[in-house]
K.L.:
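Sharing a structure here in structure tokens format.
Counting starts at 1 for both ligands and their atoms, following the listed order. Heavy atoms only: backbone and side chains are in, while hydrogens, waters and symmetry mates are out. All values reported here derive from a predicted model rather than from experimental measurement.
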Amino acid sequence: MKVNQDQLDKVVHKGIPVSPGIAIGPAYLYAKVTFEVEKRAIDPEIVKTESARFEDAVSKAERDLNKIITVTREKLGENSASIFEAQLLMLRDQAVYPEVVSYIENNCINAGFAVQTVLSKHRRVMESSGNEYLRERANDLLDIQDRIIRHLRRGRILSAVDENSIVFSENITAADIILFSRRGILGCATDFGGPTSHVSIMARALHVPAIVSTHGVTDHVKTGDFVVLDGIKGEIIVNPSDAVLAHYRTKQERYLRLVQEDKSLVPLKAETLDGHRISLQANLELREELPQLIEYGAEGIGLYRTEMSLLLEGRALVTEEEQFSQYQEVVSKTAPWTTTFRILDLGGDKMLPMGHREQNPYLGWRGIRILLDKLELLVPQLRAMLRASAFGKVRILLPMVTSIHEVRRFKEILEQTKQNLTREGVGFATEIPVGVMVEVPSVALAAEQFAKETDFFSIGTNDLTQYVLAVDRGNDLVADLYDELHPAVLQLIKMTTDAAKAAGIPVSLCGELATNLRAVPVLIGLGIDTLSASPIYLPGIKRVIRAMKMSEGRELASKALIASDPREFRAELERWLDEHSCGVSFFLDSTPTE
Ligand code: PEP
Ligand code: MG
């Protein structure tokens, strides 16, 4: 029986799926109580007692966080706990703690008001950067502010929700989700947040289906409503009909079965039926995600984005030493597989450390353009990466390259940096391949020339699509036009793979297109030999590869390159998946059937 799509559309709320799975159960609306503290004058005689009260609240907040760290360690291991260790450090941050104490003592003001004023000021700076990563750190600061103020009021910290419920909230913190998971929550959805937020990363690690950026789903859900949360498609259905519910129960069972089957795929190779071997690698951006390499069977890191971990808490860029310690851990834990570090891709939608604003940032000062202008950013990062290369295999990837001169200039700086390290007697690997992101059409169009001077290509379809189709990748208004399977995008991929093959260099694809299961046979058919994606998606991709023949991929690819009606071609790809790929088609957006 088919569920009527209209009937579904009426009740569906959409968001960004960040942790796959289907949750079915009662909703729990979690409203975080944020305290507004009134300003109160304190007698100068007892102002020292007031700052002692602040110190006491900070110590209690430390105790809370230590508890959360212990739970996180038990559930998720050391790496995940480091998120809260960072919060613990923020409690006594040199830019914040002494400022609160002076605020209390200089103004003879109550501690709660001082905390609220000082922390809000720091938070506003982070939020106004307009950058997703910093907004997330701003959330951490709000969490800390609430924690201290509650202790000042002797309030209990309530991260309690109903057991076995699906939690809805405007925003939750990484600490909340850890504590909720102890109550066995089934899923969670938030009005705000992005896929790379700590909450999203935690939800994936905890296997809690989750959706973020729902644009106000909390206005439409009440505690006790019966809901379905589809963390695969990013949809929430409130009080579904029996028919819709039955459909999702089936989908849930199929998903759980697939997850079980996926476990058996982890040790197997990603190989087509006719013996073509494909390498599946991971896109990572935090060391907390490293355990997922083994969990999902990744053969190394195809893309390590360095923006997130480098830009900490809105303060200045971290030092070479801090970067080295992080990269060394990543490289050592990824060995014997290779780590592909991408040098900073600032600009575009990612923040600029120098507070610079642009009219048209995607076409502006971004990626390698910034780094070649600001060697004080590039050189410490390169030194840290080179030093880390002594602990395992490292490749360096250049973002937003448009012209060969940028590659040549980068290589000169790399050479100079190597010479300096040698002079200082610091060890690094002799072989460090340098590759370019193929994410601007000019590189794909001139791929033959680039292939002569680079060691590998990595195709970034997220940007390549926006640049070739002139569609902003983050703009809802034109989202319908953002088509990664557009023949023009595929032509550029083909030009890149052809040039790579002719020059004998490897070519991988690390954009989100790799996770679109419809596209997988086409991409393999176009000559891609490595796919890199968020680790959780790798078993599904492997399932498709193991069900196809190279000849089929080539045939689908040649049709895709000239497909005049994308919708019709998509349907053909879905039919192919249905016939070949052992039950993955329910990941796709086709009309649900029971
Ligand atoms: C891409 O552009 O496809 C890519 C992988 O890089 P990012 O999403 O970080 O821009
Ligand atoms: Mg990109």
Side-chain angles (χ1 to χ4, degrees), residues 16 18 131-134 136 194-197 200-201 280-286 289 298 300-311 339-352 360-371 381 395-402 406 435-444 447 450 456-475 479 482-486 488-490 492-493 496-497 506-516 519-520 523 526 528 530-535 537-538 541:
I16 303 175
V18 291
N131 171 270
E132 185 188 335
Y133 302 144
L134 277 188
E136 194 55 30
T196 54
S197 69
S200 306
I201 291 165
L280 296 187
Q281 302 181 7
N283 288 358
L284 298 188
E285 45 198 315
L286 283 174
E289 298 172 303
I301 301 180
L303 170 65
Y304 192 91
R305 292 181 170 101
T306 54
E307 301 81 36
M308 171 97 158
S309 41
L310 199 59
L311 296 159
T339 301
T340 308
F341 283 121
R342 188 173 72 187
I343 55 171
L344 276 173
D345 184 17
L346 301 174
D349 60 340
K350 298 161 192 137
M351 64 111 44
L352 289 173
N360 208 343
Y362 276 121
L363 300 183
W365 205 39
R366 179 179 173 192
I368 190 131
R369 299 174 181 181
I370 296 182
L371 294 185
Q381 187 174 37
R395 307 196 298 179
I396 296 179
L397 180 57
L398 315 183
M400 190 64 190
V401 169
T402 51
E406 291 158 330
V436 293
M437 290 286 295
V438 181
E439 52 185 354
V440 178
S442 65
V443 179
F450 278 92
F456 65 98
F457 284 146
S458 186
I459 304 177
T461 45
N462 305 343
D463 279 312
L464 191 60
T465 306
Q466 81 161 343
Y467 289 129
V468 71
L469 300 183
V471 179
D472 180 339
R473 63 191 261 188
N475 184 340
Y482 186 87
D483 178 8
E484 293 164 297
L485 281 171
H486 190 294
V489 178
L490 299 178
L492 294 175
I493 296 177
T496 309
T497 55
V507 55
S508 66
L509 187 142
C510 63
E512 294 310 308
L513 182 58
T515 68
N516 179 341
V520 169
L523 297 177
L526 285 171
I528 297 287
T530 299
L531 290 168
S532 190
S534 241
Y537 296 108
L538 297 181
I541 299 172

K.L.:
Name of the D463 N, O or S atom nearest the Mg ion (ligand 2)?
P.N.:
OD2
K.L.:
With heavy atoms of M437 as the reference, note each atom of ligand 1 found under 4.0 Å away.
P.N.:
4 (C), 5 (C), 6 (O)
K.L.:
So among V468, T465, I459, which one has a side chain to side chain contact (heavy atoms under 4.5 Å, CB included) with L492?
P.N.:
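When side chain to side chain contact (heavy atoms under 4.5 Å, CB included) is applied between L492 and each of V468, T465, I459, only V468 qualifies.
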K.L.:
Looking at G511, which atoms of ligand 1 are within less than 4.0 Å of one of its heavy atoms?
P.N.:
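Here the atoms of ligand 1 in question are 3 (O).
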K.L.:
Check E285 against ligand 1 and report side chain, backbone, both or neither, counting heavy atoms closer than 4.0 Å.
P.N.:
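No part of E285 comes within reach of ligand 1.
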K.L.:
Heavy-atom contacts with T461 under 4.0 Å: which atoms of ligand 1 show up? List them by number with element.
P.N.:
3 (O)
K.L.:
With the side chain counted from C-beta on, respond yes when M400 and E439 share a heavy-atom pair under 4.5 Å apart, and no when they do not.
P.N.:
yes
K.L.:
Can you figure out which of E512, E484, R305 has its heavy atom closest to atom 5 (C) of ligand 1?
P.N.:
R305
K.L.:
Once rounded to the nearest 0.5 Å, what's the spacing between atom CZ of R342 and atom CD of Q381?
P.N.:
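Those atoms lie 10.5 Å apart.
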K.L.:
Taking the side chain as C-beta and beyond, is there a heavy-atom pair between L397 and L303 under 4.5 Å?
P.N.:
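Yes. Closest side-chain heavy atoms under 4.5 Å.
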K.L.:
Could you work out, with ring-ring contact (aromatic ring centres under 6.0 Å, His included) as the rule, every residue matching F341, not counting sequence neighbours?
P.N.:
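By the ring-ring contact (aromatic ring centres under 6.0 Å, His included) rule, F341 matches Y304, Y327.
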K.L.:
Kindly identify the option in R473, M400, E439 whose heavy atom sits closest to atom 10 (O) of ligand 1.
P.N.:
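Selected option, by shortest heavy-atom distance: R473.
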K.L.:
If we ignore angles and hydrogens, is there a donor and acceptor under 3.5 Å between the side chains of S508 and Q281?
P.N.:
no
K.L.:
Report, in ascending order of atom number, the atoms of ligand 1 lying under 4.0 Å from any heavy atom of R366.
P.N.:
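Ligand 1 atoms under the 4.0 Å threshold to R366: 10 (O).
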K.L.:
Restricting to N/O/S, name the atom of E439 that gets closest to the Mg ion (ligand 2).
P.N.:
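Result: OE1.
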K.L.:
Is it true that some N/O/S atom of D345, main chain or side chain, lies under 2.8 Å from the Mg ion (ligand 2)?
P.N.:
no
K.L.:
Please identify which of these residues, T496, L513, V520, L523, meets the side chain to side chain contact (heavy atoms under 4.5 Å, CB included) condition with I528.
P.N.:
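The residue from T496, L513, V520, L523 that satisfies side chain to side chain contact (heavy atoms under 4.5 Å, CB included) with I528 turns out to be L523.
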K.L.:
Within a distance under 4.0 Å of any heavy atom of G460, pick out the atoms of ligand 1 and give their elements.
P.N.:
1 (C), 2 (O), 3 (O)
K.L.:
Going by side chain to side chain contact (heavy atoms under 4.5 Å, CB included), V440 matches just one of L363, D463, T402, V401. Which one?
P.N.:
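The side chain to side chain contact (heavy atoms under 4.5 Å, CB included) with V440 is passed solely by T402 among L363, D463, T402, V401.
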